[in-house]
Amino acid sequence: MAFDVASPAGTPSSDTPTPARASIAARTLRTDRWWLPPLLTSVGLATFVIYATVRSFLRTDYWDAENHYLTPFYSPCLSESCVAGSSHFGTPIGELPGFVPLAFLSLPFLLGFRLTCYYYRKAYYRSIWMAPPACGVGEPHERYTGETRLPLILQNVHRYFFYAAFVITIINTYDAILAFGGENGFGIGLGNLVLLLNVVLLWCYTLSCHSCRHVTGGRLKHFSRNPVRYWTWTQVSRLNTRHMQFAWLTLGTLVLTDLYVWLVSSGVIADLRFIN
Amino acid sequence: MAYSAKLRVWRGDATSGELQDFEVEAEEGEVVLDLIHRLQATQTPDLAVRWNCKAGKCGSCSAEVNGRPRLLCMTRMSIFGEDEVITVTPMRAFPVIRDLVPDVSYNYEKAREIPSFTPPEGLEPGEYRMQQVDVERSQEFRKCIECFLCQDTCHVIRDHEENKESFAGPRFLMRVAELEMHPLDVADRVGDAQDVHGLGYCNITKCCTEVCPEGIRITDNALIPMKERVADRRYDPIVWLGNKIFKRNGA
């Protein structure tokens, strides 16, 4: 085998003199399907982004007037452009032009929350930016500065998006509770269970956030002096171990919830009612 | 049942080297290090390999098996097919000395850059008192056997030699976190984590956690909490204001 002194990725990454590492030209010697997880991640994220973008601008079938189901993609609906009944907090904002999503007050914060989330960062750094695509697989970039400078240094604002997402999850919960009172009064249908499942998982995702873990108790040096915060931190830490699962589950339940409301409100399917 | 395993081992030194193919007998229940030793005993007496405890506790036999950073003594042959070619190379992030032995002195240099445990002034050894609940979080990090597999797999230095100067790597950022979380340590480590040890380079892709033979959750329990502490200090005006108003210096 021919060899030369090269970087492990096979391509020297800068003009810095490369120490004499083992000369192995291959980008990786991994023999497993290391490319599959980043591929699946990319497909999953792209699917959600396309669906959410289309739905956010569609402005139809987001409110089921009979059962009072409101899709989370249009909550809170605060504009006069919203259909009657869907504005649970009134309509303090006038008509909005078509290029502005009706949930323009929540969607940017929810997007920011997920974009700066420590799990999603791992997911898209690996699958989209390929830094690195998988462990032990050389990345294609010549230089790497990580999150030390703009724009990626802005990832440090994650906690503010967490605060906003916390408030928005309360609003989603309120929407789900209101949905138990439809046109005919109290009732329970499959849509209620879908909305409820969605908010429970949204709470799991939001509360399992690493910033939440830090804010509740992670920043403390002495747990013994703060037993309540320590207990809270312990509970958040238990959720935090499943943050990745909640991240994916909530993408699924958001789409499922929206799709269900879409299909019911457009009359494609009828809501399965259990009570009233 | 014994079979003839196909090994492909990198052999060479700092000036040159290549992957060489061997067939080595493998017995049931063996690990890759057993085969390397058998190779040494039967075919290549000058093969260099660093090892010591053969129990996954000394951190000496770190290498890469089929491109994945692993301890040779903890990699069972049973995870490979009998026909599979098993490629063994030295850790690729460090300069090679010979065959499977790398020069890991980068790690010792980085270790020296971290100020040691700093107790409060006037508190003498023997007077330290702390609650178990306060120390157990950082005790997880004490499980580290310093195999440096996390350093090896971290793309910040693995793929970018030039970052070695400004980036301490996950093992030593975890050491900073361990001291920062210690209830009796009073040194200011948050600023240094970002400025001296290069915490900002970490993009939390978790390869360090994936390869850790001790199962330490390096990213979730050390690196991200340190990033959040840096955010407290550098990027959160509300925390800054709260610290000023309530005159608090950590809790």
> Given the options G146(A), A123(A), C135(A), which has more heavy-atom pairs under 4.5 Å with chain B than any of the others?
Replying inline: C135(A)
> So what's closer than 4.5 Å to chain B heavy atoms on L152(A): side chain, backbone, both or neither?
Replying inline: neither
>> Taking side chain as everything from C-beta outward and backbone as N, CA, C, O, which of these in R149(A) sits under 4.5 Å from a heavy atom of chain B? Side chain, backbone, both or neither.
In response: neither
> Heavy-atom distance under 4.5 Å between the side chains of Y160(A) and D236(B), does that happen here?
Replying inline: yes
> Is chain B contacted by the side chain of V215(A), its backbone, both, or neither, given a heavy-atom distance below 4.5 Å?
Replying inline: neither
> Quick one: what part of T87(B) sits under 4.5 Å from any heavy atom of chain A, side chain, backbone, both or neither?
Replying inline: side chain
>> For S237(A), which atoms come within 4.5 Å of any heavy atom of chain B: side chain, backbone, both, or neither?
In response: neither
> Going from CG on N156(A) to CZ on R233(B), what distance comes out if it is rounded to the nearest 0.5 angstrom?
Replying inline: 13.5 Å
>> Check the orientation of H155(B) and Y144(A). Use parallel for under 30°, tilted for 30 to 60°, and perpendicular for over 60°.
In response: perpendicular
>> With heavy-atom distances below 4.5 Å as the criterion, would you say the side chains of T219(B) and K122(A) are in contact?
In response: no
>> Could you check whether any side-chain N or O of N66(B) sits under 3.5 Å from a backbone N or O of T31(A), counting only pairs where one atom can act as donor and the other as acceptor?
In response: no
> Relative to chain A, which segment of E64(B) carries a heavy atom at a distance below 4.5 Å: side chain, backbone, both, or neither?
Replying inline: neither
> Given a strict heavy-atom distance threshold of 4.5 Å, which part of Y201(B) is in contact with chain A: side chain, backbone, both, or neither?
Replying inline: both
>> Is the shortest side-chain heavy-atom distance between L220(A) and M181(B) below 4.5 Å?
In response: no
> Can you find a heavy atom in the side chain of I204(B) that is under 4.5 Å from one in the side chain of Y119(A)?
Replying inline: no
> For W248(A), does the CH2 atom have more than 12 heavy-atom neighbours from other residues, nucleotides or ligands under 6.0 Å away?
Replying inline: yes
>> Looking only at side-chain N and O atoms, does E139(A) offer a donor or acceptor that is under 3.5 Å from a partner on H160(B)?
In response: yes
> Taking all non-hydrogen atoms of both residues, which atom of A231(B) and which atom of R159(A) are closest, and how far apart?
Replying inline: CB-NH2, 3.4 Å
> Does any heavy atom of chain A fall under 4.5 Å from the side chain of D152(B), the backbone, both, or neither of them?
Replying inline: neither
> Can you name the nearest heavy-atom pair linking T205(B) to P132(A), along with the distance?
Replying inline: OG1-CD, 3.6 Å
>> So for E165(B), is it side chain, backbone, both, or neither that comes closer than 4.5 Å to the heavy atoms of chain A?
In response: neither
> For the atom pair CG (L184(B)) and NE2 (H222(A)), what is the distance rounded to the nearest 0.5 Å?
Replying inline: 6.0 Å
>> Within 45 degrees of the ring normal and closer than 6.0 Å to the centroid, is that where the cationic atom of R137(B) sits relative to W233(A)?
In response: yes
> Once you round to the nearest 0.5 Å, how far does CG of D220(B) lie from CZ of R213(A)?
Replying inline: 6.5 Å
> Y230(A) versus chain B, heavy atoms under 4.5 Å apart: side chain, backbone, both or neither?
Replying inline: side chain
> In terms of heavy-atom pairs under 4.5 Å, which option from V135(B), V85(B), V133(B) contacts chain A the most?
Replying inline: V133(B)
>> Using heavy-atom distances under 4.5 Å, tell me whether R217(B) contacts chain A through its side chain, its backbone, both, or neither.
In response: side chain
> Closest heavy-atom contact between P90(B) and A22(A)?
Replying inline: CG-CB, 3.6 Å
> Does any N or O in the side chain of D134(B) come within less than 3.5 Å of the main-chain N or O of F223(A), such that one atom is a donor and the other an acceptor?
Replying inline: yes
> Do R68(B) and L29(A) have side chains that get closer than 4.5 Å, going by heavy atoms?
Replying inline: no
>> Please check: side-chain N/O of K221(A) versus main-chain N/O of D185(B), any donor-acceptor pairing under 3.5 Å?
In response: yes
> Do any of residues 206-216 of chain B come closer than 4.5 Å to chain A, heavy atom to heavy atom, and if so which ones, in number order?
Replying inline: K206(B), C207(B), E210(B)
> Do any N or O atoms from the side chain of R21(A) and from the backbone of R92(B) form a donor-acceptor pair under 3.5 angstrom?
Replying inline: yes
> Is F166(A) atom CZ crowded by more than 12 heavy atoms from other residues, nucleotides or ligands, each under 6.0 Å away?
Replying inline: no
>> If you apply the rule side-chain contact (heavy atoms from CB on, under 4.5 Å), what do you find for H214(A) with R229(B), and how did you get there?
In response: CA-CA 8 Å; H214(A) 177 74; R229(B) 285 171 191 235; 3.8 Å; yes
> With a 4.5 angstrom heavy-atom cut-off, which part of A131(A) approaches chain B: side chain, backbone, both or neither?
Replying inline: both
> Got E228(B) and S211(A) here, is their nearest side-chain heavy-atom distance under 4.5 Å?
Replying inline: yes
> Do Q155(A) and K227(B) come within less than 4.5 Å of each other through their side chains, counting heavy atoms only?
Replying inline: no
